Amino acid sequence: MSVKGLLITLEGIDGSGKSTAAKHISSQLQRIMPERRLILTAEPTGGEAGKILRKRLSTPDGTGSSPSKRMEELFLFMADHADHLARLVGPSLEEGAIVISDRYADSTAAYQGVTLQGIVPDPVQWIRRVYAPWNMTPDLTLFFALDPAIALKRMLSRREKEKFEQLEFLRSVNENFRQLASLEPGRFVLIDASRDAQDVAAQAMKRILKRVQSSW
Ligand code: TMP
């Protein structure tokens, strides 16, 4: 649904290396295509809802919060996404930019698809339906596929832990990402995130360049 530009999203569980890859990709792309406007962005954003979310995510209360708190969290992620579209993604695509977003609406379907289990029926599909009328569908989504146990091991070396970094939880999130990828095989591309950072970035670059070239 992008207008003139190209919207590329990076998705995967915590520790899958997509944020590191995003930095490599954006600097390489900018070198290869200096004339093309490139926007590297992320969700949660630095907007109002995003700031509330970041604060909450650094509080280790696990996924044991009440149904109403979990719904509140879902709507904060959605509000942040809506703000992201209105403030940055939509206008940048209109101007013909390549927008790369480190997480996007699929993260909400995958993560809140777990936290809302038992609260709404079939939460992944429920969330997809809420997004469908107003979301901007990415042109390409790279799914950084990694065994959750390896992802967690990688994260143990980090000092700050976010509340969603628990093995069972990450396994369920990973399953949701796989389900989302199977629903839209034309949009999702799997990246083998078990390789080293350079290799992962190279795989991602190859897919992105292919998509960028096909849009010319
Ligand atoms: P980050 O580690 O990629 O910055 O993301 C922060 C955390 O927020 C991560 O654990 C995934 C989670 N998250 C959701 O639960 N739902 C969402 O919609 C998004 C964008 C992130």
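Read the numbers this way: they start at 1 and go in the same order the structure lists the ligands and their atoms. All heavy atoms count here, side chains included; hydrogens, waters and symmetry mates do not. The structure displayed is predicted, hence computed values, not measured ones.
Of all the atoms in ligand 1, the ones that sit under 4.0 Å from a non-hydrogen atom of F77 are 13 (N), 14 (C), 15 (O), 16 (N), 17 (C), 18 (O), 19 (C), 21 (C). Ligand-side atoms of ligand 1 in range of K18: 3 (O), range being under 4.0 angstrom from any heavy atom. Near Q112, meaning under 4.0 Å from one of its heavy atoms, ligand 1 places the atoms 14 (C), 15 (O), 16 (N), 17 (C), 18 (O).
Taking CG from L146 and OG from S16, the interatomic distance works out to 6.5 Å, rounded to the nearest 0.5 Å. Note: D147 CG to R154 CZ = 10.0 Å, rounded to the nearest 0.5 Å. Remark: T115 OG1 to K69 NZ distance equals 13.5 Å, nearest 0.5 Å. To the nearest 0.5 Å, atom OG of residue S26 and atom CZ of residue R31 are 10.5 Å apart. Taking CZ of R103 as the reference point, atom OG1 of T41 lies at 13.5 Å (rounded to 0.5 Å).
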Salt bridge (charged side-chain N to carboxylate O under 4.0 Å, His left out) between E168 and R171: does it pass, once the steps are laid out?
-> CA-CA 5 Å; E168 279 317 306; R171 284 205 171 115; 2.9 Å; yes

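Considering backbone and side-chain N/O atoms, R103 comes within less than 3.5 Å of an N/O atom of ligand 1. Between Y104 and ligand 1, no N or O atom pair is found at a separation short of 3.5 Å.
The aromatic rings of H81 and Y131 sit perpendicular, their planes meeting at an angle over 60°, well past the 30° parallel limit.
The parts of E43 lying near ligand 1 are both backbone and side chain, judged by heavy-atom distances below 4.0 Å. The backbone and the side chain of T108 each have at least one atom closer than 4.0 Å to an atom of ligand 1 (non-hydrogen atoms only). Under 4.0 Å from ligand 1, the heavy atoms of L57 that appear belong solely to its side chain. Of the heavy atoms in R54, only side-chain atoms (C-beta onward) come closer than 4.0 Å to ligand 1.
Judged by the shortest distance from any of its heavy atoms, E73 lies outside the 4.0 Å radius around the atoms of ligand 1. Every heavy atom of H81 sits 4.0 Å or more from the atoms of ligand 1.
Ring-centre distance between F177 and F143: below the 6.0 Å cut-off.
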